[in-house]
Amino acid sequence: MSDSDKPKKPQLIQPRTLKGFRDYLPESMIPRERLIQIAREVYRSFGFSPIDTPTLEYLEILTGKGSDETDRQLYKFQDHGKRDVGMRFDLTVPLARFVAQHINELGTPFKRYHIAPVWRGENTQRGRYREFMQCDFDTIGTLSVAADIETGLVINALLSAIGFERFTIHINNRQVLNGLLEKQGLSEQATPVLRSLDKLAKTGEDKVVAEMIATAGTTEEQARSVLTMATLEGTDQEILTQLKPLVRGSELGEAGVERLEQILAGLQSGGVPSERIKLDVSIARGLDYYTGAIFETFLDDLPNIGSVCSGGRYDNLAELYTKRQLPGIGASLGLDRLLAAMEELNMITKVKTPADVLVTYFDKGSLGKYLEIAASLRTAGIKVELYPDTKKLGQQLKYADARGFDYAIIAGEDELSRDALQIKDLKTGQSTEHLIANAATELAAIIKKADSH
RNA sequence: GUGGCUGUAGCUCAGUUGGUUAGAGCACUGGAUUGUGGUUCCAGGGGUCGGGGGUUCGAAUCCCCUCAGCCACCCCA
């Protein structure tokens, strides 16, 4: 038989995902959804409302602020109607468009949260993907310090609800930085100066000074004075005291310091433990549009992973799309970073099922009975899976074990003849017999008790 | 976008100076006289050695290209 006569193998397409794009298996999706669920509940508990916007926007909406970086990272193409479109690269630009378009219906202040994927065609690295989730919350249309404080309260509530106890919210105010720059005659070069300053923790003082001289054209003296302020140390109160003379004479700077004092006091009133708050004059965040309070949150046990929740105040969110000035403040939870951190800190229990209980399919003729049992358990709020085949009990339990179920229901002819079933605790291996009629309430109580531990 | 490192089974890797039918552990599927898992034992499925081209009698092994991953830089609106 020659090669050409051999039956051809069907040509298979290699299953693969695009660079920077990921599949999520149940094992990783379950903790992921849990985190998103917690974020939703916390946001809602502060009165933020959910919104969503389209994945695709007109290209001009997204490139409005255009820079080379935008071009490099934006996924863009022409749709079938020859329109130039792009995929959103963050949730802030769509929010700006959204409020410009709907602010009259929404009214101010407007508080929204938005949890959705965004796309950036940037180079991949650990923790940096081309498709990733953002979890933003923002308050639009108020300058009140109450909104600034609330942002910190939300961050505290979020991380606490997720299960973190040891974390620090670093707080700064761009006004202070800008006030100082104003005094130094560096207002024009604010952006490159702050961009350099933001690298302080990473590269060290001398390099930052060198970069400021090189890229922002400052004198060494100017650069040093910016650093003097940025490297102030001590308690929050001590830093505030040292800050005051440094900004004296700059209206902006003085207002900024006062604002910081109010925010710190407010967070305390709001119940945030003082060890979780740190006035940090060195954080600037690269983003140009921040004009007021700035937040970055670090895990005390894993500071190297970077900020897991950051944000800040901006003066004019939607200036590209409307004449109406809309100030606001918001922040974003770094979902991927947080999940990576939780994994590293062993805060994630590995399960492959969302269900609590596996109902084994034991006696072939009793499928109806098993369906009834499963239904009654669900009615009691228990998540239940019914095994679909009458395999040997040992194998069904093996399945339950491998997937991470906590309990199995076992009921063969013997139990069913007594209108009873066994609840087997898969962690301890012990089983108890219950009347079917009472099983749902009793199991719900058992689960509740186990959860509270 | 720039530079460096890596790529053998789903995962972690072994594979002698290029030499027959490419291996192990874990995982997966099934079984160990048909009502109880996480231990053990047995068996099985699964790999065009990332892909393409080249050198060679012969390539997982050497060369080129490409794709993907990791690290650093850039950047992070």
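Naming convention: chains lettered A, B, ... in sequence-line order (proteins, then strands); numbering from 1 in each chain.
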**Student:** Can you sort out the partners of A:Arg40 under salt bridge (charged side-chain N to carboxylate O under 4.0 Å, His left out), two or more places apart, ordered by chain and number?
**Tutor:**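 Testing A:Arg40 for salt bridge (charged side-chain N to carboxylate O under 4.0 Å, His left out), a comparison that skips the adjacent residues, returns none.
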
**Student:** Would you please confirm or rule out a distance under 4.0 Å between OP1 or OP2 of B:U34 and any side-chain N or O of A:Lys391?
**Tutor:**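 It does not, given that no N or O in the side chain of A:Lys391 lies less than 4.0 Å from OP1 or OP2 of B:U34.
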
**Student:** State whether A:Lys352 places a side-chain N or O below 4.0 Å from either non-bridging phosphate oxygen (OP1 or OP2) of B:A27.
**Tutor:**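 Checking A:Lys352 against B:A27: no side-chain N or O falls below 4.0 Å of OP1 or OP2.
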
**Student:** In whole Å, measure the gap between the P atoms of B:G52 and B:A60 for me.
**Tutor:**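 My reading of the P atoms in B:G52 and B:A60 gives 12 Å.
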
**Student:** Does OP1 or OP2 of B:C67 have a side-chain N or O of A:Lys19 closer than 4.0 Å?
**Tutor:**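 So the side chain of A:Lys19 is outside the cut-off, no N or O lying under 4.0 Å from OP1 or OP2 of B:C67.
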
**Student:** Any protein N or O atoms within reach of nucleotides 2-7 of chain B? Criterion: under 3.5 Å, listing atom names and distances.
**Tutor:**
from: B:U2; atom 1: O4; to: A:Asn123; atom 2: ND2; distance (Å): 3.2

**Student:** Could you walk me through whether A:Lys278 and A:Ile169 pass the side chain to side chain contact (heavy atoms under 4.5 Å, CB included) test, one step at a time?
**Tutor:** CA-CA 6 Å; A:Lys278 182 173 166 50; A:Ile169 306 173; over 6 Å; no

**Student:** Roughly how many Å apart are B:G51 and B:U29, using the P atom of each and rounding to a whole number?
**Tutor:**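 Those two atoms are separated by 27 Å.
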
**Student:** Name all residues meeting the side chain to side chain donor-acceptor pair (under 3.5 Å) criterion together with A:Asp315; count only those two or more places apart in sequence or in a different chain, and write none if there are none.
**Tutor:**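 Expected list: A:Thr291.
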
**Student:** If I pick the C1' atom on B:G10 and the same atom on B:G45, what distance separates them, to the nearest angstrom?
**Tutor:**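 That atom pair is separated by 13 Å.
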
**Student:** May I ask you to establish whether A:Arg22 and A:Tyr129 are in a cation-pi arrangement, using a distance under 6.0 Å from NZ or CZ to the six-membered ring centre and at most 45° from the ring axis?
**Tutor:**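 Yes - A:Arg22 lies over the ring of A:Tyr129, closer than 6.0 Å to its centre and within 45° of its axis.
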
**Student:** Separation of A:Arg403 atom CZ from B:A27 atom C1', in whole Å?
**Tutor:**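 Computing the A:Arg403:CZ to B:A27:C1' distance gives 12 Å.
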
**Student:** Determine the interatomic distance between P on B:C11 and the same-named atom on B:G37; round to the nearest Å.
**Tutor:**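 Pairwise P distance, B:C11 against B:G37, rounds to 31 Å.
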
**Student:** Which nucleotide, in any strand shown, forms a Watson-Crick or G-U wobble pair with B:C70, with both distances under 3.5 Å?
**Tutor:**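 Paired with B:C70, as far as the under-3.5 Å criterion goes, is B:G4.
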
**Student:** Between A:Phe21 and A:Thr92, which has a closest nucleotide on RNA chain B that is more 5'?
**Tutor:**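 Counting from the 5' end, the first nearest nucleotide belongs to A:Phe21.
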
**Student:** Hey, does A:Gly121 reach any base, or is it just sugar-phosphate, or nothing, if we go heavy atoms under 4.0 Å?
**Tutor:**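 The residue A:Gly121 makes no contact with any strand.
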
**Student:** Please identify each residue that fulfils side chain to side chain contact (heavy atoms under 4.5 Å, CB included) with A:Thr390, with sequence neighbours left out.
**Tutor:**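 Listed in chain order: A:Tyr361, A:Lys364.
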
**Student:** Would you classify A:Gln396 as touching base, sugar-phosphate or nothing, given that sugar-phosphate means primed atoms plus P, OP1 and OP2, and contacts are heavy atoms under 4.0 Å?
**Tutor:**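 Result for A:Gln396 = nothing.
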
**Student:** Expressed as a whole number of Å, how far does the P atom of B:U40 sit from that of B:A27?
**Tutor:**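 To the nearest whole Å, 8 Å.
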
**Student:** List every contact pair, protein side and nucleotides 36-38 of chain B side both N or O, where the distance is under 3.5 Å.
**Tutor:**
from: B:U36; atom 1: O2; to: A:Lys424; atom 2: NZ; distance (Å): 3.0
from: B:U36; atom 1: N3; to: A:Gln422; atom 2: OE1; distance (Å): 3.3
from: B:U36; atom 1: O4; to: A:Gln422; atom 2: OE1; distance (Å): 3.0
from: B:U36; atom 1: O4; to: A:Gln422; atom 2: NE2; distance (Å): 2.3
from: B:G37; atom 1: O6; to: A:Gly429; atom 2: N; distance (Å): 3.2
from: B:G37; atom 1: N1; to: A:Leu426; atom 2: O; distance (Å): 2.3
from: B:G37; atom 1: N2; to: A:Asp401; atom 2: OD1; distance (Å): 2.6
from: B:G37; atom 1: N2; to: A:Leu426; atom 2: O; distance (Å): 2.8
from: B:G38; atom 1: O4'; to: A:Asp401; atom 2: OD2; distance (Å): 2.9
from: B:G38; atom 1: N2; to: A:Leu426; atom 2: O; distance (Å): 3.2
from: B:G38; atom 1: N2; to: A:Lys427; atom 2: O; distance (Å): 3.4

**Student:** A:Thr353: which residues meet the side chain to side chain donor-acceptor pair (under 3.5 Å) condition with it, sequence neighbours left out?
**Tutor:**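 Not a single residue meets the side chain to side chain donor-acceptor pair (under 3.5 Å) criterion with A:Thr353.
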
**Student:** Who passes salt bridge (charged side-chain N to carboxylate O under 4.0 Å, His left out) against A:Asp356, sequence neighbours left out?
**Tutor:**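 Residues passing salt bridge (charged side-chain N to carboxylate O under 4.0 Å, His left out) with A:Asp356: none at all.
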
**Student:** For A:Glu442, check salt bridge (charged side-chain N to carboxylate O under 4.0 Å, His left out) against everything at least two apart and list the hits.
**Tutor:**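 For A:Glu442 there are no salt bridge (charged side-chain N to carboxylate O under 4.0 Å, His left out) partners, ignoring immediate neighbours.
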
**Student:** Under 3.5 Å, which donor-acceptor pairs link side chains of residues 377-385 of chain A to any protein atom two or more places apart or in another chain?
**Tutor:**
from: A:Arg378; atom 1: NH2; to: A:Val384; atom 2: O; distance (Å): 3.0
from: A:Thr379; atom 1: OG1; to: A:Ala375; atom 2: O; distance (Å): 2.9
from: A:Glu385; atom 1: OE2; to: A:Tyr399; atom 2: OH; distance (Å): 2.6

**Student:** If I pick the C1' atom on B:G18 and the same atom on B:G58, what distance separates them, to the nearest angstrom?
**Tutor:**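 It works out to 8 Å between them.
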
